[in-house]
2 protein chains.
Amino acid sequence: MRRRRNGGRPTIADVAKRAGVSSITVSRALRDPERVSPQLRQQIEEAVRALDYVPDQHARALASARTDVVGVIIPSLTNNVFADVLRGIYDGLAQTSHQVQLGNSRYSPIEEERLLATFLSQRPAALIVAGIDQTARSRELLENAGCPVVQIMELDEGPVDMMVGFSHRAAGHLVTSHLVEAGYRRIGFLGARMDPRTQRRLEGYRAALMEAGLYDPDRVTATPTPSSVTLGRDLLRDLLARMPDTDAVFCINDDLALGALFECQSAALAVPDTIGIAGFNDLEMMAAAWPALTSVRTPRYEIGSRAVQMARAAIAGRRPAERVVDVGVELQVRASTMRRGSAQVPSQKAPVRAI
Amino acid sequence: MRRRRNGGRPTIADVAKRAGVSSITVSRALRDPERVSPQLRQQIEEAVRALDYVPDQHARALASARTDVVGVIIPSLTNNVFADVLRGIYDGLAQTSHQVQLGNSRYSPIEEERLLATFLSQRPAALIVAGIDQTARSRELLENAGCPVVQIMELDEGPVDMMVGFSHRAAGHLVTSHLVEAGYRRIGFLGARMDPRTQRRLEGYRAALMEAGLYDPDRVTATPTPSSVTLGRDLLRDLLARMPDTDAVFCINDDLALGALFECQSAALAVPDTIGIAGFNDLEMMAAAWPALTSVRTPRYEIGSRAVQMARAAIAGRRPAERVVDVGVELQVRASTMRRGSAQVPSQKAPVRAI
DNA sequence: AGCCGATTTGATAGCGCTAACATTTTTCGA
DNA sequence: TCGAAAAATGTTAGCGCTATCAAATCGGCT
């Protein structure tokens, strides 16, 4: 008596025998029910239920050189932004037969390249990767991936395949313009990590201030250090030490903005009157802060679910017509940039959309 | 000419031919180098390098009924706590041949059970699951998993296999006792989500106040709603409306604590003098807040990396002697609970360890 | 030298599934 | 009613790897 290696689980042959058909018919009934007569289909379904049959992913992958795995490569696991994106991805894939293979590149293009190579060796059904700043080799790997590829978080003319995101440059421009319109004139910049997306927000900031004739490079405070609330405090303190007349700051993300707020509180600087503060991403806490903090709402969950949606369509052979999707952003103006006596006080009810 | 299904990638047979050995020897050289003579081993390594050979995971899984996949089931992707744990897990597995299969149970035991069944059908090398409150069927699945199982986040007498975490009850007791010692007498509780771990922190709170003769069930404010900073504000507002003389709150997590702080700021209640605030987890922002917020440091990253470490040891057949590891917690006393004129002001340099 | 056990290497036979082609059955227009 | 095309089902042959057992080689000891 041969011992089964798989621990006694029923195989497709068991189902076939019980349903009185050949195993290939079972395979078809499972994979492509349309191609099997209703009669047999029902018998097979019954047998599957009776035996509690679960197909073996590995055998399928080996035989068909295809898998149901969607590879996802993001630069950080702890960044709330990517957590939301991930949630969108997982939710989008929850009721399907797809599984997620998650890779953390830790903001390293080299690590990203390594992960990409590993993932591709497993012939994924699709790939979702963050950003557009892959190494040349990564780009090459993606182009020859042989599966749908969705780049997320950003917007660009030349996607490898598909793309969902928004323009960080435009978003940076949007916030900064708002600060100008709110009456601030000596607007600083607080940046951390300074990954490519952050750089583009800085570009938007710079452009907006140039247009307004208010740009002063000395007000840009940026560090490669990973972002944190504490860092937000430190950066604002530094900036104010160097440029004490700074009357507003655009913070590259909400953690820095929260840190800036705490720093103002500890230094007894009135927000928004002495200093205006704007963040980026509009995490949930921004609306709850006191004063509530202005930010830019980025549709992170939506990016994840749209990416999955596009990937699934492409897997099914129905590549979407629009290969680059701009999900846009919305400026959420709150108390932290509503200066007393400022002429322009946008309504909180009417968020401004970028692009 | 037969076309290869795998897209021209070299197989173990190609490596074998090039190295002048049989394929089984290559297999052994890769899996268990000790069992192959140094001579052949070197030839094989060279061939692997020359051909850029990467083993096919699926073929291996099919042939050996084993995989390198570590299944991880957590209740939330967006909760910072689990993000840190995950990072520990990914880092611990980064330089190995293991891969992570991540499942999000969304705090639903039923969903957890479903995920467990799916994961097990793929014969993982090990499983890491959050919590100890599995359904009976889940528990049964875990007990017959046929692979190492590590339960994380909590502590319990009866682990399925191995366990890494800390006592939430003891931690809740620790913070609450601190509030008592700091001179607070009408100490409220703010809770959200109220999953099993949260419940146990509440138990600790209750026990500590009972011991001090200060327990008042009316000061417990808990809701099944998922936690958020805004919710922290709302809960504190509710509590103060009902029990205006409340002089401190233990918040089930740092988001609620931050919300409580903002609520106090907006209502012009002095922290820590009028109201003391303590949180849980000690996220990075707690130290940066103004005033800095007292919290309990939970070693989340460490839980992830220890879990991986134990799982790997067990996979290698060296099950650790200690099957239940208590990573402990540390009370971080900060300004938010340092009442002016209070006799007892613990030094920030000497955190208190629970258990 | 000769023998035994240990070590190293190889041949064979699948693991559970599906691609590719073969065969049978059904459908339907002329 | 017949025949050709379409639809449904089956047969065969692997996918790339490893478990299992068999064979060859080696070292040490009498």
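In what follows, every chain begins at residue 1, and chains take the letters A, B, ... in the order their sequences are listed. This one's a predicted model, so the numbers in the text were calculated from it and none came from an experiment.
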Take atom CD1 of B/Ile12 and atom C1' of C/dG10, then tell me their distance rounded to the nearest Å. 14 Å
Counting only side-chain nitrogens and oxygens, does A/Ser64 get under 4.0 Å of the OP1 or OP2 atom of C/dT18? no
Report yes if at least one side-chain N or O of A/Arg66 is closer than 4.0 Å to OP1 or OP2 of C/dA19; otherwise report no. yes
Does B/Val325 reach the side chain of B/Ile303, with side-chain heavy atoms less than 4.5 Å apart? no
Would you mind reading off the distance between A/His58 atom NE2 and C/dG16 atom P, rounded to a whole angstrom? 12 Å
Look at the side chain of A/Arg323 and the backbone N and O of A/Asp161, then say whether any donor-acceptor pair between them is shorter than 3.5 Å. yes
So does B/Glu154 get a backbone contact from the side chain of B/Arg197, meaning a donor-acceptor N/O pair under 3.5 Å? no
Under 4.0 Å from any atom of DNA chain D, heavy atoms only: list the residues of residues 27-44 of chain A that qualify, in numerical order. A/Arg28, A/Val36, A/Ser37, A/Leu40
Rounded to whole angstroms, how far apart are CG on A/Asp14 and P on C/dC15? 11 Å
Any donor and acceptor pair, going by atom type alone, linking the side chain of B/Asp32 with main-chain N or O of B/Arg28 inside 3.5 Å? no
With respect to the side chain of A/Ile24, which nucleotide from C/dG16, D/dG10, D/dC17 is positioned closest? D/dG10
So, does A/Gln101 use its side chain to make a donor-acceptor pair with the main chain of A/Phe119 at under 3.5 Å? no
Checking contacts here: which listed nucleotide (C/dG10, D/dG16, C/dC17) is nearest the side-chain heavy atoms of A/Pro55? C/dC17
Is a side-chain N or O of B/Asp91 found less than 3.5 angstrom from the main chain of B/Gly88, in a donor-acceptor match? no
Whole-Å distance separating the CG atom of B/Leu51 from the C1' atom of D/dG16: 15 Å
D/dT18 C1' sits how many Å from B/Asp68 CG, rounded? 14 Å
Answer yes or no: does a side-chain N or O of B/Thr11 lie under 4.0 Å from OP1 or OP2 of D/dG16? no
Return the value, rounded to whole Å, for the distance between atom CG of B/Asp56 and atom C1' of D/dG16. 6 Å
Rounded to whole Å, please give me the gap between NZ in B/Lys17 and P in C/dG10. 15 Å
Contact check, side chains of B/Arg60 and B/Asp68, non-hydrogen atoms, under 4.5 Å: yes
Please report, rounded to the nearest Å, how far the P atom of D/dA13 is from the CG atom of A/Leu62. 18 Å
